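Following: one structure in C-alpha cells, then a few remarks.
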Amino acid sequence: MIDYPNAILTDSLERELLRQELDYYNEAPLLSLFSWIASGAKAVQNKIVSFVAGVSSDMDAARQEGHKVTAA
C-alpha cells in the first residue's frame with residue numbers, strides 16, 4: 001500500500017488504474033495510427049533501398065562500359 005498525504009492507493013486500485021491506461025493505449029484508433037505510420041515508414045525505407053540499389057547498379061554498368069565512375 002502506498003500512503004500519500006491525501007490519498008491511499010491500494011494494490012487493487014493501482015491495478016485498475018494500470019488496466020485503464022493499457023486499455024487506452026490498446027484502443028483501435030491509436031493502433032491503426034501507429035500501424036499507418038509504420039507502413040508509411042516501411043514504404044519510404046523500401047523506396048530508399050530501391051533507389052540506392054538502382055544507383056549502385058547504374059554505377060556498376062557504367063564501370064563495365066569503361067567509364068570512370070566515383071561516388072562523390
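Keep in mind that what you see is a predicted model, and the values were worked out from it rather than measured.
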Distance in Å, Leu22 CG paired with Arg15 CZ, rounded so as to fall on 0.5 Å steps:
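Result: 13.5 Å between the selected atoms.
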Is there a chain of hydrophobic side chains (I, L, V, M, F, W, Y, each step under 4.5 Å between heavy atoms) that links Trp36 to Val44?
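Different clusters: Trp36 never reaches Val44 through Ile, Leu, Val, Met, Phe, Trp or Tyr contacts under 4.5 Å.
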Residue pairs involving residues 40-62 (criterion side chain to side chain donor-acceptor pair (under 3.5 Å); sequence neighbours excluded)
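Checked against side chain to side chain donor-acceptor pair (under 3.5 Å) - neighbours excluded - the pairs reaching residues 40-62 are Asp60-Arg63.
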